[in-house]
Protein chains: 2
Amino acid sequence: MATSCFADRLAKHVQLSDAERSALARLEENPRKVKRGAMIQRVNETVTELFVLREGRAMSFVLLPDGSRQILRVYFPGDFIGSASTIYSKAPESLVALSDVVICPFDKHALRRLLEEHPRVAALLFLLSNAERVALTDRLASLGRTSAKARVASFLLDIFDRLRVTDDGVTDSFDLKLTQEEIGDAIGLTSVHVNRMVRQMEQEGLISRANGRITLLDMERLEEIGHYTNRHKDMDFDWLPSQP
Amino acid sequence: MATSCFADRLAKHVQLSDAERSALARLEENPRKVKRGAMIQRVNETVTELFVLREGRAMSFVLLPDGSRQILRVYFPGDFIGSASTIYSKAPESLVALSDVVICPFDKHALRRLLEEHPRVAALLFLLSNAERVALTDRLASLGRTSAKARVASFLLDIFDRLRVTDDGVTDSFDLKLTQEEIGDAIGLTSVHVNRMVRQMEQEGLISRANGRITLLDMERLEEIGHYTNRHKDMDFDWLPSQP
DNA sequence: CGACCCCTTGAAATTGATCAAATGCCGTGG
DNA sequence: CCACGGCATTTGATCAATTTCAAGGGGTCG
């Protein structure tokens, strides 16, 4: 059986049949290495490909005419990225590697075949897409209605909880691998102000930092400050079509 | 053939077979009227139902502990709402009727059957879910990185373009049917500041208002001010499975 | 008529942005 | 090994956008 990073991720939620696994593995037949900082997809370029992120970290973002950047989402191994190209012929967002990464590009026609032949996987993708949607609405509420400190807190918790889904080594600390400017671009703040908030949270004993590594010292208070809810706990896949 | 508001919407993008149409119509077998202002779904309640909005307008929102509200999305006839309950057992957001509405609730098991039996419809739903995702990222960039005036401009254009998809009567003016406080809650501003921006845009000849009706007088400038892109023009459904 | 809601306007307060400069860190090449 | 350049972080001072607070006006519905 071929390995599939994406199948492994899905298998955390539901059992997959061998046929489904190998169909998913076919999406990852063409792994490609991309260097840190390199562009995977450029906004407005014609796109027909999607990607599975196999290794490393990536992000999607848009640039506004005045040069400011909004980071839309940070991605981790096993994430399915660039799904906007399923419906838009021109990329609505750019994708860039945050570290050296391995991505597996596949054409949307391959996705089509997968959806046709494996309705249960199709349903699963639909569900995960809805989970992404909720993640975005959470951040929308964060940007629209909470203070700078709350945004930093919830952003850290979000990254932390997402890393924990796949990486069992994560217990209370993690490598953020983002500059303060990037954090700011993700949560709608300047790097200067991110610095002040991080620094303040450190002094208050909420977090600590050591060469790029963040430790969450008081998660309860962080959740309270950030108005954060961990959505991962509440997922329910039971109603999906039973295994073929 | 039974009527289906949702099928009509999908049919704007792709041709549907009779079997697909009647399968979609079954989702709308139980229309229910809901009065303006009434709750359709309350956050944190256990949910197993989704809805097609057949008539009227609705919105989803969350309340933060300090009482402030973030409106996540405004919905129009033909929209598929509450899709978060496909994956979360407790509603992550509330749904409320903005006008008297007719909604068609259906159980997620009915959706499951639809996805199993009609892979092409499943694919289509997946695509539309990705389009929603992009709409959210657009607003995320708006909240995170643009001025109050830009947010108002892009919000108006977005509502306008979405109304135009279904309602042919819309050419340059439309009923917003939202209070200034609701606009503010959607784009992360106070009602006071929304008022100042709307008023300013009116004085500059960008828009005009008459008893709740908004007319867009200078769309080009509005698009520029709001950094707005109309995504509807760029949709591509050609690669979908061909008709069965 | 009164209650209520929404819109409007002004003045003061506050949050976070902007500008500017210093510090520290790390990899590279001499 | 050290010097250097370049990038990220840190800090201070000032500025500007938006919120907050407060009050008045207008329309509508019971």
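The chains referred to below are lettered A, B, ... by the order of the sequence lines, with proteins before strands, and numbering in each begins at 1.
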A.B. asks: Can you tell me how far P of D/dC15 sits from NE2 of A/H193, to the nearest Å?
C.D. replies: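 Those two atoms, NE2 and P, are 18 Å apart.
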
A.B. asks: Taking atom CZ of B/R42 as the centre, report whether more than 12 heavy atoms of other residues, nucleotides or ligands fall under 6.0 Å from it.
C.D. replies: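 No, because the 6.0 Å sphere around CZ of B/R42 holds 12 heavy atoms or fewer from other groups.
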
A.B. asks: Start at the 5' end of DNA chain C and walk down; is the nucleotide closest to B/E202 or to A/V194 reached first?
C.D. replies: B/E202

A.B. asks: From CZ of A/R151 over to C1' of C/dT15, roughly how many Å is that when rounded to an integer?
C.D. replies: 10 Å

A.B. asks: Can A/D100 and A/K33 be said to form a side-chain contact (heavy atoms from CB on, under 4.5 Å), step by step?
C.D. replies: CA-CA 7 Å; A/D100 289 356; A/K33 289 187 181 185; over 6 Å; no

A.B. asks: Without decimals, in angstroms, what is the distance between A/M197 CE and D/dT10 C1'?
C.D. replies: 14 Å

A.B. asks: In whole angstrom, give the distance that lies between atom CG of B/N211 and atom P of D/dG27.
C.D. replies: 11 Å

A.B. asks: Of the candidate nucleotides D/dT18, C/dC7, D/dT20, which contains the atom at the shortest distance from the side chain of B/S147?
C.D. replies: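 Looking only at heavy atoms from C-beta outward on B/S147, the closest nucleotide is D/dT18.
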
A.B. asks: Among D/dC21, C/dC7, D/dT9, which nucleotide has an atom closest to any side-chain atom of B/Q180?
C.D. replies: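 Between D/dC21, C/dC7, D/dT9, the one nearest the side chain of B/Q180 would be C/dC7.
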
A.B. asks: Would you indicate which nucleotide in C/dG16, C/dT8, D/dT18 comes nearest to any side-chain atom of B/R199?
C.D. replies: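 My answer, after comparing the listed nucleotides, is C/dT8.
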
A.B. asks: Is there a side-chain polar atom (N or O) of B/N195 under 4.0 Å from OP1 or OP2 of C/dC7?
C.D. replies: no

A.B. asks: Would you kindly give the CZ-to-C1' distance between A/R145 and D/dT20, to the nearest whole Å?
C.D. replies: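 It works out to 13 Å between those atoms.
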
A.B. asks: Side-chain contact, heavy-atom cut-off 4.5 Å: B/L53 with B/F51?
C.D. replies: no

A.B. asks: By nearest atom, which of the nucleotides D/dT19, C/dA17, D/dG12 is closest to the A/L189 side chain?
C.D. replies: C/dA17

A.B. asks: Quick one: B/K149 NZ to D/dA16 C1', roughly how many Å, whole number?
C.D. replies: 16 Å

A.B. asks: Below 4.0 angstrom from OP1 or OP2 of C/dG16, is there any side-chain N or O of A/R196?
C.D. replies: no

A.B. asks: What's the closest nucleotide to the B/T179 side chain, out of C/dA17, D/dC21, C/dC6?
C.D. replies: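 Out of C/dA17, D/dC21, C/dC6, the nucleotide with an atom closest to B/T179's side chain is C/dC6.
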
A.B. asks: Assign A/G188 to base, sugar-phosphate, or nothing according to its heavy-atom contacts below 4.0 angstrom with the strands shown.
C.D. replies: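 If one applies the 4.0 Å heavy-atom cut-off, A/G188 turns out to touch the sugar-phosphate alone, with no base involved.
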
A.B. asks: By the definition side chain to side chain donor-acceptor pair (under 3.5 Å), identify the one residue from B/R162, B/R73, B/R57 that meets it with B/D79.
C.D. replies: B/R162

A.B. asks: After noting the C-alpha distance and the side-chain angles of B/L222 and B/Y228, does the key distance pass the side-chain contact (heavy atoms from CB on, under 4.5 Å) rule?
C.D. replies: CA-CA 8 Å; B/L222 284 171; B/Y228 176 82; over 6 Å; no

A.B. asks: Indicate whether OP1 or OP2 belonging to C/dT8 is found under 4.0 Å from a side-chain N or O atom of B/R209.
C.D. replies: yes

A.B. asks: Can you check the B/I183 CD1 to C/dC7 C1' distance for me, whole Å?
C.D. replies: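 One finds 11 Å between C1' of C/dC7 and CD1 of B/I183, rounded.
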
A.B. asks: Please give, in whole Å, the distance from D/dG12 P to A/Q200 CD?
C.D. replies: 14 Å

